[in-house]
Amino acid sequence: METPYDAELDQLRARYSAQRAALGEMQRSLAQISATAVGAQRCVQVTVDAQGQLTELSFPTEAYRQMAPQELAAMVFAVVTQAQAEAGDAVRQVMAGYRSDNGFLDVTSGRDEWSRLLPEDLPGLDEVLRPTGWGSGGAGASDAASDAGDVTWNDRTGWADGR
């Protein structure tokens, strides 16, 4: 049975799919981010990832041997801070490309698997509409079908529809 809302539901599903794809692309872009900074006299070189975690630390020259321990520690700290700031700028630039009008996602890093958080189809939409006779089951769909399982959220596994 076709309803006046079918076109709107199709548009909603298409918009959802596009947003989900954009989040996946954003996650892939975030995973590629790293920043490298080099200290004065090339005494220290560091690389950090998108979260600002140190992934590489090296002393490319012998210049560090001429430094007092506190001076070297201050230089390492300053270079790590510089690399973290550069990585943060790159993250913000990627994030600026995706604007969610939903307001429910506060995306700050690439750590979560977005495809796990956002299922391919809108979970439970047909189950919600079925009692009204407007879901894919049409008018008169069995109530037993809607009892097949509830749609639930779990912080570790994401959406589950109980089927």
Side-chain angles (χ1 to χ4, degrees), residues 7-129 136 148-163:
E8 288 181 55
L9 289 173
D10 289 342
Q11 289 175 354
L12 178 63
R13 282 189 173 109
R15 185 171 155 213
Y16 177 83
S17 293
Q19 286 180 343
R20 186 177 187 277
L23 281 171
E25 181 57 37
M26 181 181 66
Q27 180 182 9
R28 286 185 287 282
S29 295
L30 289 172
Q32 298 297 315
I33 291 176
S34 70
T36 299
V38 180
Q41 303 169 348
R42 294 186 37 83
C43 63
V44 63
Q45 178 176 320
V46 301
T47 301
V48 299
D49 63 14
Q51 288 82 33
Q53 296 295 311
L54 188 64
T55 60
E56 185 179 328
L57 169 66
S58 65
F59 302 95
T61 67
E62 299 292 317
Y64 73 94
R65 293 183 185 269
Q66 311 303 320
M67 301 173 83
Q70 288 179 331
E71 182 184 10
L72 179 58
M75 178 64 68
V76 169
F77 186 80
V79 173
V80 168
T81 301
Q82 177 186 347
Q84 288 171 331
E86 291 174 15
D89 288 344
V91 166
R92 282 185 288 282
Q93 194 170 29
V94 167
M95 301 282 296
Y98 177 80
R99 301 247 191 269
S100 173
D101 57 359
N102 302 353
F104 78 95
L105 289 177
D106 179 19
V107 184
T108 58
S109 72
R111 293 183 187 194
D112 287 325
E113 175 61 42
W114 297 112
S115 62
R116 178 184 62 80
L117 296 174
L118 298 171
E120 289 199 26
D121 197 10
L122 298 173
L125 181 62
D126 288 333
E127 286 79 5
V128 169
L129 296 176
S136 62
D150 294 331
V151 176
T152 59
W153 171 259
N154 180 298
D155 287 337
R156 289 183 298 121
T157 60
W159 290 105
D161 65 4
R163 290 182 216 168

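Treat the numbers as computed from the prediction; the structure is a model and nothing was measured.
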**Asked** Does any non-hydrogen side-chain atom of Val80 lie less than 4.5 Å from one of Gln84?
**Response**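 In short, these two side chains touch, coming nearer than 4.5 Å.
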
**Asked** Do Leu23 and Gln27 come within less than 4.5 Å of each other through their side chains, counting heavy atoms only?
**Response**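 In short, these two side chains do not touch, never coming nearer than 4.5 Å.
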
Nearest-0.5 Å distance that lies between atom [atom1] in [X] and atom [atom2] in [Y]:
{"X": "Phe59", "Y": "Arg65", "atom1": "CZ", "atom2": "CZ", "answer": "10.5 Å"}
{"X": "Arg15", "Y": "Arg13", "atom1": "CZ", "atom2": "CZ", "answer": "14.5 Å"}
{"X": "Met26", "Y": "Gln19", "atom1": "CE", "atom2": "CD", "answer": "11.0 Å"}

Run the side-chain donor-acceptor check on residues 86-93: report pairs under 3.5 Å with partners two or more places apart or on a different chain.
{"residue": "Glu86", "atom": "OE2", "partner": "Gln82", "partner atom": "NE2", "Å": "3.2"}
{"residue": "Asp89", "atom": "OD1", "partner": "Arg92", "partner atom": "NH2", "Å": "2.7"}
{"residue": "Arg92", "atom": "NH1", "partner": "Gly88", "partner atom": "O", "Å": "3.4"}

Solution key, residues 31-47 side-chain donor-acceptor pairs under 3.5 Å, sequence neighbours excluded:
{"residue": "Thr36", "atom": "OG1", "partner": "Thr47", "partner atom": "OG1", "Å": "2.8"}

